[in-house]
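Below is one structure, written out as structure tokens; comments come after it.
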Amino acid sequence: MRARYGIFLVLAFAAALIGCCGVLLESALRAHAPADRYAGAAAVVTGPLDVSQRVRLLGSEEEVQRRPVTERPRVPAAAAECLRAVPGVRDVVADVSFPVTAAGGTALTGHGWSALARPREGRAPRSPGEVALDAGTGLRVGQRALLQIGGAPRPFTVTGLVSSGAYFEPRTAAALSGRPGQADALVVLAGGPVDAGRLRAAVPGLTVATGAERGDAEDLAVAAARPDMIDMAGALATMAVMMVLLVGGGLIALSIRERGRELALLRAVGATPRQVRAGIVRENVRLAVWAGLAGGIASLPLGAALHAAMVRGEVLPEGFGLSLSPAPAVAALLVVPAAAAVSALLASLRLSRIRPVQALGETAAERGGPPRWRVITGVVFLVLGVNALGASTLMSGPGAVASVGGLVISLIVATAFLSPVIARWGVRALGGTARRLDPVAGRLAAHAAGAATLRAGSVLTPVALAVAFAGTQLFVHSTVVGATEEQARAATRADQVVVPAGPGLPAELARAVRATPGVTAATAVRGTTVVMAVRELGEEQLRSLPARGVSPEGLERTTDPAVVSGRLDGLRGGAVALSRDVAGGIRVGQTVPLRLADGTAIRPRVTAIYERGLGLGDVLLHRDLVAAHSSSPLDDHVLVRGRADLGPVTARYAGADVVTAEAFAAERSRALRLEGFMTRLVTAAVTGFVVIGLVTTLALATAARRREFALLRMAGATRRQVLRSLRLEAAIVLGTGVATGSLVAAVTLMSFATAVTGVPLPWVPPLPAALILIGVAGSGAAAMILPARVLLRRETLEGP
């Protein structure tokens, strides 16, 4: 009965974990940014919002892969006339958006006045010097506002107040956007039924968004986050299923072995092997259905809470909506009973096959070792895992990060199959120490652990899994953060950095800084994303890569990317520099096809290949090229060589400030560490599930040993000696599991560190590592000792 409660708890937790992953996956599949300004539009016409490319895969034909754009592709404003000719169209607004900085660095978005504006007070702007401003700025109609748009602040007269943003006279807005004749989107306003097919035919090559997709045309952040979220949720769901099989399956197998006498009796009274197996499977499936139902129902609010936490932690963009349906709960209800059925069937095979006359004798003692098929299977998984670890060292950073979870699972599966063998080695290694500490209790502990290797193996697997999973997930992120910080510090030669309080810095500020006496070099930096096919292990994968647009003037005096071939002074016009992680055999002087952030295809010439891709991004481009294909032409910051007083320069620009290079690096490090929120959250949830399974398994295994404890007491062992032997046994079994999990984590992290930094030295903070080891081992020891104390307190102990 106790086993049923424990199995129910573990399977219910597993169902909740699988359901949570399902909620995230469903939300990612259905996610669309909410339509705000475009809510009243019948359709929104934009450039293509994703890019595609044929890539070559190893051992198969080419396939088409897609990645979303991260900057808004522009469309010709003249195409509005073609759309107006479609029946049912009342008007088409050529909408433009551009960054505006108000006094104090307040960030606003500028637009041209149109039917999309939501006036609250006053009138529309009618001349170049007028603006309708966000009511939240505190300004009133008739007042003057200093607004910074691509240059020094300029005065505008406030003619009206709107709900959000800054609205200018349409021709003025087109000029301020920096791209006259182009629009961010063509917003179709209907006067009657409008056929989307006719709209697409009117503007071939452009994207026509209707319904929920209008929000994606307005805000690209959700669509850009969707592919990574789908990959992450799918990987987590797969890992959760593997956890159910390893942890839940091990608990089910242990409970079946502990019922050996009962099953032997059934065989002795005439039950056939099929009947025994069918009874075991039915019993566990029935229990798993109720556990799956409870966990599946609980997964919906838990998934919603996880989604909300991810939005608050800025892992997901603000508009990434939550989708809730019964599908995740149903998936959990199907997966958990199926996993329980497989586990129960495999665990019952041996006990159901023994002959009736051997049945009772077989249960008297555990068989000496695991079956041969189990050892062979474990060795196969071990070889596969080791080969995968070796291959992962040849992968680039993103591929190495993605491979970590699968590598750990493959090694843990090998550990699960080989756990009795590992447990026996652990007894040999630690049993002698236990005997030296206490000759009597140590001998009892070593004998108990060695005589029940299958039981010890069932305990060892979740211990190793908890340590390996928590260690790799946490320390993979710390390794990336540590390497990034180190490379960023080594790459920065600047003495000062000009940073914005608002959306960015105008391009003319870098020129003004460069002209300041005492400044020897100033480099404008603009962060962006490029899409490029990266070669990994002989095949290509289309990746979205972090990139920087930099001004080449004095670049080598403010930045040191550790160039291994080529020169940075050639980074002009249509040139590019690549990190060695993504170069993949590309040589200096070659041209490479890549897509800019708005989807524009270019073939720049490679002018340099450098080492410090983590600290600087994988691609360096000319700042003007990046700005020409970005929604905002503003710079993220300006690196300055020289300690001149820049106060007079920054005072002319709203929100500009000067910080030391050390302060800039510290702020960047803080932002990098905040990105580990999702990693810590997922690690806590999965590790918590494994620890619950571990505690339940140990409590069940200890409670089933009441006859063994009674026999020891009857043989003359004192209560203190029994408890001391149990503590030493826990040290042997849990120590072996912790050592195995630490070994799996160590080889995985060393392989990952080699792939990312070229040196097999991961960043492992001592305190979190100690907490993982103490937490797992401590909870396991408590699960063994506390039930034993309860059993040994009873005045009457059951006989053997």
Quiz item: Counting only N and O atoms by type, is there a donor-acceptor contact under 3.5 Å from the side chain of Asp219 to the main-chain atoms of Ala33?
Solution: no
Practice problem: May I have the step-by-step check of side chain to side chain contact (heavy atoms under 4.5 Å, CB included) for Val582 and Arg543, ending in yes or no? | Solution: CA-CA 10 Å; Val582 301; Arg543 303 280 190 193; over 6 Å; no
Quiz prompt | Closest non-hydrogen atom pair between Thr484 and Leu614, with its separation | solution = CG2-O, 3.4 Å
Quiz prompt | Any Pro99 side-chain heavy atom under 4.5 Å of Pro633 side chain | solution = yes
Quiz item: What's the shortest heavy-atom distance between Ala190 and Ala42, and which atoms?
Solution: CB-CB, 3.7 Å
Quiz prompt | Stepwise side chain to side chain donor-acceptor pair (under 3.5 Å) test for Glu71 and Ser631 | solution = CA-CA 6 Å; Glu71 298 282 359; Ser631 302; 3.0 Å; yes
Quiz item: Checking Arg526 side chain against Val626 main chain: does a donor-acceptor pair fall under 3.5 Å?
Solution: no
Quiz item: Would you call the rings of His111 and Tyr167 parallel, tilted or perpendicular, where under 30° means parallel and over 60° means perpendicular?
Solution: tilted
Quiz item: Minimum heavy-atom separation for Arg74 to Asp184, with atom names?
Solution: NE-OD1, 2.8 Å
Quiz item: So, Asp95 and Arg72, do they make that salt bridge, N to O below 4.0 Å?
Solution: no
Quiz item: Ala507 and Asp635: which non-hydrogen atoms are nearest, and at how many Å?
Solution: CA-OD2, 3.8 Å
Quiz item: For Arg120, does the CZ atom sit with more than 12 other heavy atoms under 6.0 Å from it, leaving out its own atoms?
Solution: no
Quiz item: Would a distance-only check, ignoring hydrogens and angles, find a side-chain to backbone donor-acceptor pair under 3.5 Å from Glu169 to Pro125?
Solution: no
Quiz item: With respect to Ser27, which candidate in Leu25, Val23, Leu24 satisfies the side-chain contact (heavy atoms from CB on, under 4.5 Å) definition?
Solution: Val23
Practice problem: Give a yes-or-no answer on whether the side chains of Asp581 and Ser579 include a donor-acceptor pair shorter than 3.5 Å. | Solution: no
Practice problem: Could you tell me how the ring of His307 sits relative to the ring of Phe320: parallel (under 30°), tilted (30 to 60°) or perpendicular (over 60°)? | Solution: tilted
Exercise. Could you tell me whether Arg623 and Glu553 have a side-chain N and a carboxylate O separated by less than 4.0 Å?
Key: no
Quiz item: Are Arg84 and Asp91 ion-paired here, with the side-chain N under 4.0 Å from a carboxylate O?
Solution: yes
Quiz item: Should Val498 and Tyr653 count as side-chain neighbours, where that means a heavy-atom distance under 4.5 Å?
Solution: no
